[in-house]
2 protein chains.
Amino acid sequence: MMTALGDPTRREIFERLSARPSPVGELAASLPVSRPAVSQHLRVLRDVGLVRDEPAGTRRIYSVDHAGLAVLRTYLDQFWSRSLTAFAAHAQREETEDDANSD
Amino acid sequence: MMTALGDPTRREIFERLSARPSPVGELAASLPVSRPAVSQHLRVLRDVGLVRDEPAGTRRIYSVDHAGLAVLRTYLDQFWSRSLTAFAAHAQREETEDDANSD
DNA sequence: GCTCTAGGTTAGTGATAACTTACCGTTAGC
DNA sequence: GCTAACGGTAAGTTATCACTAACCTAGAGC
């Protein structure tokens, strides 16, 4: 999922979809890559649950999947809380060492 | 920054650092890649502001940079709010179209 | 001061993946 | 029913990048 957003083009696509759901052709027209390339990127994004697609006549409207975005946010928050905990533990240890030095 | 976390090995390193600040050797010992590879990954992470390093004798202790993590969270939240706005606009449009159909 | 440890750097290599071209399926409109 | 538009798929190519091996630098301890 993070790997999916690692690619700049894919991030750009995801960014545009977050602003407005769009069909494939519209995305490809405003991007420096071909339409098949966009299709492949969308497939990757869909496979990891970051976007959804909905048929609309002969077109498919892609939009960001809020559930996937929530997973991503939760994933990041884990880093956040864990690093804070580690930092607190580090501070605690520093303090203990200071106590040891003070005698 | 997102590109930096796109690589699985780099994510693994970042994950371990979020649990506990560590020197390079310790990271390399518990990873399936060589020490220079870890050094290169750490350089990338440091350049985008996701980790900090602090000299400790002959070693360097790496730890996650909370500022960088905050930037990342803000970046994700933009997607979140924007997609919600787009979704609301979509719903509004649907409703308007329903109104148009109802007469 | 010499050695040993820890780690950053460079050059070269191999594998991954993003991209294009060509092709095929599907739906809407005449 | 035929045609055109939209889009997904496959094969092939190229470029990026992660990795290793070799080398160099700096601090610590005897």
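Numbers restart at 1 for each chain; the letters A, B, ... are given by sequence-line order, proteins then strands.
- As rounded to whole Å, 15 Å separates atom P of D:dG27 from atom CD1 of B:I61.
- For A:M1 against A:G68, the heavy-atom pair with the smallest separation is CE-O, 3.5 Å.
- Here the side chains of B:E54 and B:S63 are not in contact, with every heavy-atom distance at 4.5 Å or above.
- For the pair A:D53 CG and D:dT9 C1', the computed distance is 15 Å after rounding to whole Å.
- Formation of a donor-acceptor pair under 3.5 Å by the A:R10 side chain with backbone atoms of A:L5 is not found in this model.
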Residues B:R73, A:D77; criterion salt bridge (Lys or Arg N to Asp or Glu O under 4.0 Å); working and verdict:
CA-CA 8 Å; B:R73 200 222 281 258; A:D77 279 352; 3.0 Å; yes
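- Counting any heavy atom pair closer than 4.0 Å across all strands shown, B:R35 reaches a base atom.
- A:R10 comes within contact range of the sugar-phosphate backbone alone, with a heavy-atom separation under 4.0 Å but no base atom that close.
- Mapping B:E26 and A:S34 onto DNA chain C by nearest heavy atom places B:E26 closer to the 5' end of the strand.
- Closest of all the heavy-atom pairs between A:V51 and A:F14 is CG1-CD1, 4.0 Å.
- Listed here is the closest heavy atom pair of A:R60 and A:P55: NH2-CD, 3.7 Å.
- Under the 4.5 Å side-chain contact rule for hydrophobic residues, B:I61 and A:L84 do not share a cluster.
- Put simply, A:T58 has no side-chain N or O that comes within less than 4.0 Å of OP1 or OP2 on D:dG7.
- Computed from coordinates, the B:R60 CZ to D:dT25 P distance equals 17 Å when rounded to whole Å.
- Between B:E12 and B:R16 there is a salt bridge, since at least one side-chain N of the basic residue sits less than 4.0 Å from a carboxylate O of the acidic one.
- Recorded end-axis angle for the helix from C:dG1-D:dC30 to C:dC30-D:dG1 stands at 30°, based on five pairs per end and rounded to 10 degrees.
- No side-chain heavy atom of A:V38 sits less than 4.5 Å from a side-chain heavy atom of A:E26.
- The residue B:P55 sits apart from the nucleic acid: no heavy atom pair falls under 4.0 Å.
- Rounded to whole angstrom, the span from the CZ atom of A:R43 across to the P atom of D:dG8 amounts to 10 Å.
- Of all nucleotides in DNA chain C having an atom under 4.0 Å from a heavy atom of chain A, the first and last in 5' to 3' order are C:dA18 to C:dA28.
- One can place CG of B:L31 at 15 Å from P of D:dA18, the figure rounded to the nearest angstrom.
- If you measure from atom CD of B:Q40 to atom C1' of D:dC23, you get 14 Å, rounded to the nearest angstrom.
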